[in-house]
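Okay, structure first, notes after.
Heavy atoms only: backbone and side chains are in, while hydrogens, waters and symmetry mates are out.
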Amino acid sequence: MKKIILISTIVLIWFLNPVLCADKVVVVPLVDTVQGPQGPPGPQGPPGPQGPAGPSDDLGNHTATTTLDMNTNRITGLAPPSTGSDAANRSYVDTQAGDDLGSHTATTNLHMGNFWISGDGDAEGLFIDDEGNAGVGTDAPEHLFSIFREAEPEQFKTPMVLLHANSEEEVSALRFRVTGDHFFTIGVTHAGEFVISDKDDTIGEGGEVLKVGDDGTVKAASGGFKFPDDSVQTTAANLGSDGTPNRLVHDFPVAAGKSVTAGDVVGWINGSVQKGRSTYGSATPFNSVTTYYITAAQLTATQFVVVYFNDTNDRIDARVGTVSSDNTISFGNVATILTGNTSGVSIGALSATRFVAAFIDQGGSNYGKAIIGNLTGTNISFGSSETFNAGTTSYPAVAPLTDSKFVVAYNSDSAGYGYAMVGNIASSDVITFASGGRNQLNDGPVAYVSAEPVSSDEFVVAYQDKGIDPNGKVQVGTVDGSDNISFLTGRYTFSTDTNAVCHDIEMISSNRFVIGYADTYENGSTRLKIGDINDANHILLSPATPFVASGAPLSIAGLTSSRIILAFHRAATTNKGRVMIGDITGNIITLSEVYTFQNNQTDFPVALGMSPSRFVVLYDEYSLDNGYAFAGQTGKYPLGIAALGGSDGANVPVIIHGVSGVHSGRETGETYFADNDGNLTTDTTPVKIGMAISATQILME
């Protein structure tokens, strides 16, 4: 065998290197021999050519039998995992940072104990107590769901959803705290009504402010509906069969300190409503001793001056009165014009702080005198008096023309005639009378003189003429540039009674006046007439309006061109003090609403119009002989019928026109009127409301 191997080797060597084999013959003994030790390595041969790529490692296919310890080294180049058992690289892990609790299907209840579900791990967020009540921002929820945020205002702290029993059924509701313990509750009643209530945590038990029925009807239980123009409506207009409104309703505030109920006839007075059409303040004394010859003049809408004879102290005094918004009157200090007796005083306002007074100085031979009074606050100071008639004087009457000019009309008993004279006032309150002297009114003595300014150079004067043609007369006087007075248009007779007594005359516009008089002082009726002065100063007198059945001294105050106030005492009722309202339409005066301000005998009533709705009445209470004053307010007409009740500034809906359906027990077909106090009555009064068309409805006119 060895021989065969050897021969084969030689052949192979020759084949591989025939040259070598040709030059040298190697004789290998064909004998068995022992192999010697390995010789040293030969020199490094040149690198061989690049072989083909071998197969990759099989670590991926390797199945480990023990833990792979990387010895703090990283494994890199990992692909995103695709199965649950794949390893994940950091990029993949970062994108999957959230836990999987949201899609987790629990197999038992999540028990939070006394811990919160919070966004940042703090004790805040959602808390659920042992009873299952959930709280947001609170670990003490009061109801099924409570929300609380300490930093928010009180009214936003605790709206809460709750369930509670209501009339044998449970009702779902949401409660909001408004402030303190005041809540609003929103929910659904067992009757299927959606309700907003101002009760604490109940609905369907009263307190509803808004209710939506299951039929779609919406009801405001109180408060009404507020519109974009800030108007609030609590009662909607009813619609007739043709779709047009058959009732006009508007909300008005109730006057301070007043209240109305549904069905009351209310009047609009000075920006608010109240039952009836007028209100009267309490009487306030301006002189607490015997008082005569009261006269007064308006200075501003809230101030007036009163001048009177203080019989106890034998002097003529003056005081400023101030009327407050609630019709109470306060008086300033007493200022004395004259110490001594008098038998007549008249005053007129020259400005808001100045007035003129004409009086009879009985201690000075009954001369007629005039004086200027000035106001500083409510204090009065006087200039020096000036004589306008150096003889026996009676019935002085003042008519201011400007702030520095006036006319005084009077009777001069010593001369036996009635006169008028112009007085001018210097800056130092010194009065000078016209150099032309006095101008004669008529052809004989006069009595009961009244005068009113018409313009800066005209006045109207009324009186009882006791001369050749005795009766009641009225005429216009014109003052020229030299302060002379002329009566170009003659004298107009307002009464043919020889004993006609003119009590007062009042201008109600630039060319119209109202005159009040009695045909016979003791038993003749008192009457009213309207006088119109045309451009030529002619006077057109209206037919007389009977006032009261028996003679009554009266005073007239104009509020507007269509409304007057009359203050008087009536002999037929033991001379009780009364106030009456007169409304003027064309030449017709409609009298209504008699108010008794004094049940005892009353003397010297004086009425002042302070504003279109406010007036003041001054008088002497006969039994005490004290001087009193009170203020009142009146609306032009009864505004309507209150649809709901309210008080002291609250808005109430008033039915102004159409069908009023807030009554009971009315006689169908009966006509109803309003009495003085705002109640409905079947007795005929000047204020007609309408006809009853059912027991509960009145068709208003």
Query raised in the report: Any side-chain heavy-atom pair from V654 and W268 closer than 4.5 angstrom?
Result: no

Query raised in the report: Any idea how Y595 and F630 line up, ring-wise: parallel (<30°), tilted (30 to 60°), or perpendicular (>60°)?
Result: perpendicular

**Report entry** Nearest-0.5 Å distance that lies between atom CG in L126 and atom CD1 in I117
**Finding:** 5.0 Å

Query raised in the report: Between the side chain of T596 and the main-chain N/O of Q598, is any donor-acceptor distance below 3.5 Å?
Result: no

**Report entry** Donor-acceptor under 3.5 Å (D122 side chain, E124 main chain)
**Finding:** no

Extract all donor-acceptor atom pairs below 3.5 Å that involve side chains of residues 677-684 and protein atoms in other chains or at least two apart in sequence.
unit_1	atom_1	unit_2	atom_2	d
N679	OD1	K275	NZ	2.6
N679	ND2	D675	OD2	3.4
T681	OG1	D683	N	3.0

Query raised in the report: Donor-acceptor pair, R614 side chain versus N327 backbone, under 3.5 Å?
Result: no

Query raised in the report: Taking it one step at a time, do L375 and T378 satisfy side-chain contact (heavy atoms from CB on, under 4.5 Å)?
Result: CA-CA 6 Å; L375 274 68; T378 58; over 6 Å; no

**Report entry** Side-chain donor/acceptor of N626 to backbone N/O of E621, under 3.5 Å
**Finding:** no

**Report entry** T300 backbone acceptor or donor facing Q298 side chain under 3.5 Å
**Finding:** yes

Query raised in the report: Do the non-hydrogen side-chain atoms of F252 and L639 ever get within less than 4.5 Å of each other?
Result: yes

Report task. Give me the one residue out of F615, Y619, Y280 that meets ring-ring contact (aromatic ring centres under 6.0 Å, His included) with F597. Result -> Y619

Report task. Test side-chain contact (heavy atoms from CB on, under 4.5 Å) on S278 and I581 and set out the steps. Result -> CA-CA 10 Å; S278 301; I581 298 171; 3.4 Å; yes

Report task. Taking the side chain as every heavy atom from C-beta outward, state whether L559 and P612 have any pair of such atoms under 4.5 Å apart. Result -> no

Report task. Would you tell me whether R563 and T634 have side-chain atoms, one donor and one acceptor, within less than 3.5 Å of each other? Result -> yes

Query raised in the report: Does a donor on one side chain sit under 3.5 Å from an acceptor on the other, for N379 and T376?
Result: no

Requested in this report: Report the C-alpha separation of I698 and M691 in whole Å, then their side-chain angles, then the decisive distance to 0.1 Å, and conclude whether the side-chain contact (heavy atoms from CB on, under 4.5 Å) test is met.
Outcome: CA-CA 5 Å; I698 293 178; M691 181 183 69; 5.9 Å; no

Query raised in the report: Between CZ of F673 and NZ of K688, what distance do you get to the nearest 0.5 Å?
Result: 6.0 Å

Report task. First locate atom CG of N114, then atom CD1 of I128, and finally report the distance between them rounded to the nearest 0.5 Å. Result -> 12.0 Å

Report task. Before giving the answer on side-chain contact (heavy atoms from CB on, under 4.5 Å), spell out for L608 and M610 the whole-Å C-alpha distance, their side-chain angles and the decisive distance to 0.1 Å. Result -> CA-CA 6 Å; L608 297 175; M610 305 297 290; 4.2 Å; yes

Query - R666 charged N/C atom sitting above Y672 aromatic ring, 6.0 Å / 45° - result: yes

Report task. Go through the side-chain N and O atoms of D86 and S82 and say whether any donor and acceptor fall under 3.5 Å apart. Result -> yes

Requested in this report: Would you give the length of the straight line joining atom CG of D129 to atom OG1 of T138, rounded to the nearest 0.5 angstrom?
Outcome: 9.5 Å

Requested in this report: Could you check if a side-chain atom of M700 sits within less than 4.5 angstrom of a side-chain atom of I655, using non-hydrogen atoms only?
Outcome: yes

Query - Side-chain donor or acceptor of T67 paired with backbone N/O of D69 under 3.5 Å - result: no

Query raised in the report: Between NE2 of H663 and CD1 of I689, what distance do you get to the nearest 0.5 Å?
Result: 9.0 Å

Query raised in the report: With distance as the sole criterion, is a donor-acceptor pair present between the side chains of Q303 and T322 under 3.5 Å?
Result: yes

